[in-house]
Structure formats: C-alpha cells, structure tokens
Amino acid sequence: MNDYTNTSERPVKPKPRARSFLIALVLLALTFWAAFKVSFDLSTFWEVWTNPIWSMFWPIPWDWVFTKENTFDPLIETLQIAVTSTLVGCLLALPVSFAMSSLTTPNKIVYFISKTIMNLVRAVPDLFWAKLLVTAIGIGAFAGAWSLTIFSLAVMVKLFSETVDAADPRPLEAARSSGARHLPAVKAGVLPTVFPSYVAYSLYIFELNIRASVVLGLVGAGGVGRVIETQRQFFRFDRILGLLVIIFGIVWVIEQISVSLRKRLV
Amino acid sequence: METLSDTPISSHRPPTPKTFYRWFIAIPFLVAIVWSVVGLNITLSRLLDAPGDAWTILRQMAPPAFGEVYERGAVGKIFESVYIAWIGTIIGAFVSLPLAFLAAHNVAPVWIRSPIRQLFNAIRAVPELILAVILIPITGLGAWAGTLAIGIHSIGTLGKWACESIEDIDDGPIEATKACGGKWASGMRWGVLPQVMPVISSYWLFRFEINVRASAVLGMIGAGGVGSELVSQLSFRNFPAASAVLIMTMAVVLTIDTISAAVRRRIIKGSDNTDEDSRTLEAITDLTGIRS
C-alpha cells in the first residue's frame, strides 16, 4: 500500500539555470535600450485625448468623399491592380512551385536556384519593391501592379510548394512507372490533388493584395493610396478619415466573400 | 476452359467528364482580367519596355556603395527598424494576452467575447501604414509613431492567434482548479496559461519577424527606420547607395528570420530530440531551402 497521508513533501521546483538568467537579462537590457531609442512615451496615451489635432479629423466632409474622381476612380484602380497582380502572380507561381518542391522538381539545380531566388525576393518588403519599380519604370499603377505581382509570386510559391511537398507521391510514381515523362507525370499525378488548395491560396493572396494595393499609392505606385498621400501633404485628415471608412467598408465586403469561398474549397 | 488471357479486353474507356460548365467559371475570370488590364492601361509596348528599364536601374546599382551608406548612418537606421519592431511586438503582446483570454469561447462569456473579437477584426483590417498615417500628426514624425502603429496592428493579429490557441486547450486543468476552489483568474493562471504559453510565445516571435519587415516599410512615410534612407537614395537616383541599403536590410531581415525560426523550433519541439548540429542544419534549411 502506498502511504497517501504523507503529503508534506512537495516535488522540488527545478532551479533556473544561470544561462536562463543571462538570456533574460540580455533581453531586458535590449528592451530598455530599444524603448529609449524609439523614444517610448506613455504620456502619448493620455495626452492623445486632449490633443488639439483631433479637430483636424472631424467632421468628415462626406460630399468631398462621395465623388467619382476623389474616391471611386482610385478605388477601382486599386481593385484592378489587385486583380491583375493576383492573376499573373498566381499563374506564374504554378510552374515555379512545382520546380521548387522536392517531390516534383525536374532536377537539383532548378530546385536550388528557384528556392534561393524566391527566398531573396521575399526578404524585400512589398513596398520596397513598389518604390524600386516606381523608380525604374515610372510613377503609376503599372509599377504597382508589377511590384504586387512579384510579391504575390514569392508568397504564393512559398505556400504552394509546401503543399506540393506534402502531396501523396503514389499517383506520381504510378504515372512515372507507366512511362510518362516529367511534365505529363506531374500534371496527371500531382496537379489534381493539390489544385483545390491552389485555388484557396490564390484567394488568400487576393485578400493580401487588396490590402497591399490600398497602401501602394503612398509610395507613388497608383491606387487609392495616392489620394491619401496627397491629402496627407495638405493636412486634410478629415478627408483621409472619410476615405478610410469607404475603403475599409469595401475591403471588408470583398474579404468576407473570399473567406467564405475559401471555406467551401478546403 | 477459359483462362485469364482469353477474357475479352474491354475497349471502352470511361467517359470523359463533361467540362462545359468550366466556361461559366472561366468567363468571369477573363472579364475581370481584361477589365483590369484595360483599366490599368497596360499595353504591349509598356510591358516590353519594363524589363529593359528595370535592367538599366539594376545595372546602375552595381557595385553597392556600402562605405557611403555606412557614413550616412544607415546601420543605425536599420537597427532603429529592429528596435521599432521589438517594442511594437512587446506592446502588442502585453495588450493582446489578457484580451485573448476574454475573447476565447471556452473561458469567456459571450457578452465580453464578441466585442473583443470585433475589436481584433477591426484592428487587423487596417494596415500598419494607414495607422502610421493617422498617428504621425498625433505623435509627430519619428520612431514612436511607427512603434505605436506596429504595436496596435500586432494587438489584432496576436490577439486572434492567442485566442485560437486558448480555444484548443484541454479543459481538464481548469476543472481541476475549480475543484480545488480556485476562482476564474486562478483557473486562467494555473489551468490555461501553462498550456498555451509555448505556442503563444512562438507566435510573438513570428510576429516580430513580420514586424521587422513592416517597420522597414514604415520609414518610407517618415515613421522611423531604414525606409526613409532607401526613399531618399532612390529620389537622388543614387543607385549604388540604394542597393547597399537594400542588401543590408535583406541581410538583417534574413538573419532575424533565421534566429527567430530556430528559437521558435526550440520552444515548440524542446531541446531533447535535437542536437546542436541538426538545429544549425535546420536553420540553414530555413534560410536557403536546401534539404540535405
């Protein structure tokens, strides 16, 4: 029989190691240093309510906002950038993802090169691409569409090649053993099993692109962000607030549609 | 006697599935792309010229002028971006953790849960850059505006992720705390927190990786960090310096990604089953995608 009456002995608490202390200390020091460098200032939180700047955000001039040239034309341009770059980026991503997956890659060299390039592309933030392309090919929606195409290609390839990695290898093997060459084998053996997630990821990329295309204009790459940037330079924050209300209403509706489509797919 | 080889081989193939309905899906797609391409005024000549223009700029970017950029203090700017991301993540983590407990459906009542969920959704809908546009007039130009923008945006995503991981827990420990006479708060502290903390802290690190990129971008509109440096070099059309800034940013982003991914793996998987060598190997795999 076990003696259940003796409960005075508790298990010994493990002692924290010296290394853990050291790591905690370094992180704490880093945090304080970083807070100092970004001029961390809690008073912002209570001064914000009495800040006279609020009068610049209110009231919203709705008659300015609800006009074709101020809001709806740039908004349509934003949508067009998102649609174009999603379609082109995701179409390009299909062959690249197959090249980047260890299951379906034609050979090691293609695998290595595509993987390295895509990792480097992803290391550059999306708006850096936009700014670079605006400088290279001129201000406007064309540069914006290019930059989002590049970025959605890089993200899509990452997501989708991992799905291809996890696909069932047996249909591919069957196709190969019946004598199919590389491309037909991949098309018949792998593509049908991963296609639903390809479409779902494309919709996800579309949501990302809608959000990104709103801010593209801040660096001169077209869309509704251009209007925000102009009004920002005139300090018309009331107009910006009105624009933002419209933008996020529309973005929200599009996202809900896309999310419900994605739920049906997977 | 009939052997297997005598059985007549069926010459019928299974009928091809009817696919004409695919056109009903394809046509809206085609309309959408034609509408977009025409709307953006993308012509063949612009499309053909673009790679050439990009190549011209790319050629001018070599060799990167690291020395010049270093003297302008770009290294400090890159570190400022990292500081902004770090403090922003900490703000997001501290605010989102208690809120996540109030938003999870297995531990919070509905009247408090739904408003907080809506708050998370609303915050996530607004990009950091837009937040920064609103915050800059309030706090003034500089790193603090960017930090706040990143902190606020992180509350939305971190809150959602933390809330989802709280909803996935095993209810046993909460019940045990209740059976011992513990109140709601002690159930959260001793029943829920130990279960979710590894996952949530790895989410924090993951968000930090994202925030490093986001804070680099925030500098482009004057909210502190390396973005302003890139913008000014590109506006001066000083391409060697711009490429140096770009390469340094990429190096920092990739280094932080690698370290953070290694730490996350250590938090989730523990140290028992991986030795030092294989961890380094996995870090290299993460960075380059080369699997040996």
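Remember, it's a predicted structure, so these values are computed and weren't measured experimentally.
- The residue among A/Leu120, A/Val134, A/Ile228, A/Ile247 with the most heavy atom pairs within less than 4.5 Å of chain B is A/Leu120.
- If you measure heavy-atom distances from A/Phe40 to chain B, the contacts under 4.5 Å come from both the backbone and the side chain.
- Contact of B/Trp144 with chain A is made through backbone and side chain together, with heavy-atom distances under 4.5 Å.
- The candidate from A/Leu218, A/Asp126, A/Thr31 with the greatest count of non-hydrogen atom pairs under 4.5 Å with chain B is A/Thr31.
- Using a 4.5 Å cut-off between heavy atoms, B/Ile91 touches chain A through its side chain atoms alone.
- The contact between B/Leu40 and chain A is made by backbone and side chain atoms together, counting heavy-atom distances below 4.5 Å.
- Contact count versus chain A (heavy atoms, under 4.5 Å) is highest, among B/Val126, B/Val253, B/Ile221, for B/Ile221.
- Rounding to the nearest 0.5 Å places CZ of B/Arg207 at 8.0 Å from CD1 of B/Ile150.
- Expressed to the nearest 0.5 Å, how far CH2 of A/Trp146 lies from CG of B/Asp53 amounts to 11.0 Å.
- Looking only at distances, no side-chain donor or acceptor of B/Asn211 sits under 3.5 Å from a matching main-chain atom of B/Ala214.
- Here the CZ-CD distance, from A/Phe234 to A/Glu229, works out to 11.0 Å after rounding to the nearest 0.5 Å.
- When B/Ile57, B/Val212, B/Thr147, B/Leu234 are compared by the number of non-hydrogen pairs under 4.5 Å with chain A, B/Leu234 comes out ahead.
- We find that A/Glu207 and A/Arg211 are not joined by a salt bridge, their nearest charged nitrogen and carboxylate oxygen being 4.0 Å or further apart.
- Among B/Thr139, B/Ile130, B/Thr56, the residue with the largest count of heavy-atom pairs under 4.5 Å with chain A is B/Ile130.
- Contacts between A/Leu127 and chain B at a heavy-atom distance below 4.5 Å involve backbone atoms as well as side-chain atoms.
- Panel note: side chain B/Ser243, backbone B/Pro240; a donor-acceptor pair is recorded below 3.5 Å.
- For chain A, no part of B/Phe79 is nearby; none of its heavy atoms comes within less than 4.5 Å.
- In this structure, chain A has a heavy atom under 4.5 Å from the side chain of B/Arg237, while its backbone stays farther away.
- Checking side-chain atoms of B/Arg213 against main-chain N and O of A/Arg122 turns up a donor-acceptor pair under 3.5 Å.
- Within the 4.5 angstrom heavy-atom criterion, no atom of B/Leu58 approaches chain A.
- Separation of atoms CG (B/Leu205) and CD1 (B/Ile210) is listed at 11.5 Å; rounding is to 0.5 Å.
- No part of B/Val252 comes within reach of chain A, as not one of its non-hydrogen atoms sits under 4.5 angstrom from that chain.
- Most heavy-atom pairs under 4.5 Å with chain B: of the set A/Ser161, A/Ser39, A/Gly138, this distinction falls to A/Ser39.
- For the options B/Ile136, B/Val37, B/Val231, B/Val38, heavy-atom pairs under 4.5 Å to chain A are most numerous at B/Val231.
- Residue A/Arg226 holds its CZ atom at 8.5 Å from OG1 of A/Thr78, rounded to the nearest 0.5 Å.
- Ranking B/Ser235, B/Ala54, B/Ala145, B/Ala50 against chain A, the residue ahead of the rest is B/Ala50, based on heavy-atom pairs under 4.5 Å.
- With chain A as the partner, the residue from B/Ala143, B/Ala122, B/Ala251, B/Ala242 showing the most heavy-atom pairs under 4.5 Å is B/Ala143.
- Interface residue A/Ala145: only side-chain heavy atoms are found under 4.5 Å from chain B.
- At a 4.5 Å heavy-atom cutoff, the contact between A/Ile81 and chain B is made by backbone and side-chain atoms alike.
- Side-chain contact of B/Trp204 with B/Thr89: a donor-acceptor pair under 3.5 Å is absent, judged by distance alone.
- Look at B/Arg264 and B/Glu209 and you find a salt bridge, because one of the NZ, NE, NH1 or NH2 atoms lies within 4.0 Å of a carboxylate O, short of that distance.
- Highest contact tally toward chain B, considering only A/Ala34, A/Ala130, A/Gly144, A/Gly222, is held by A/Ala34 [criterion: heavy-atom pairs under 4.5 Å].
- In this structure, chain A has heavy atoms under 4.5 Å from both the backbone and the side chain of B/Trp35.
- Counting heavy-atom pairs closer than 4.5 Å to chain B, the top residue among A/Ile137, A/Thr86, A/Leu241, A/Ile240 is A/Ile137.
- With a 4.5 angstrom heavy-atom cutoff, A/Leu244 touches chain B only via side-chain atoms.
- Atom CD1 of A/Ile109 has 12 or fewer heavy atoms from other residues, nucleotides or ligands within 6.0 Å.
- A donor-acceptor pair under 3.5 Å is absent between the side-chain atoms of A/Ser258 and the main chain of A/Ile254, judged by distance alone.
- Both the backbone and the side chain of B/Ile138 come within contact range of chain A, each with at least one heavy atom under 4.5 Å from a heavy atom of that chain.
- With a 4.5 Å cut-off on non-hydrogen atoms, B/Ile87 touches chain A through its side chain but not through its backbone.
- Taking the side chain as every heavy atom from C-beta outward, A/Ile210 and A/Glu255 never approach each other to under 4.5 Å.
- Looking at A/Val251, neither its backbone nor its side chain comes within 4.5 Å of chain B, counting heavy atoms on both sides.
- The choice from A/Leu87, A/Val88, A/Val214 that makes the most heavy-atom pairs within less than 4.5 Å of chain B is A/Leu87.
- Proximity to chain B (any heavy atom under 4.5 Å) is shown, for A/Phe128, by both the backbone and the side chain.
- Under a 4.0 Å N-O distance rule, the pair B/Glu80/B/Lys77 does not qualify as a salt bridge.
- Although no hydrogens or angles enter the test, the distance criterion places no donor-acceptor pair under 3.5 Å between the side chain of B/Ser154 and the main chain of B/Gly92.
- Between B/Trp86 and B/Tyr83, the distance from one ring center to the other does not fall under 6.0 angstrom.
- Of the two parts of B/Val217, the backbone and the side chain both hold a non-hydrogen atom closer than 4.5 Å to a non-hydrogen atom of chain A.
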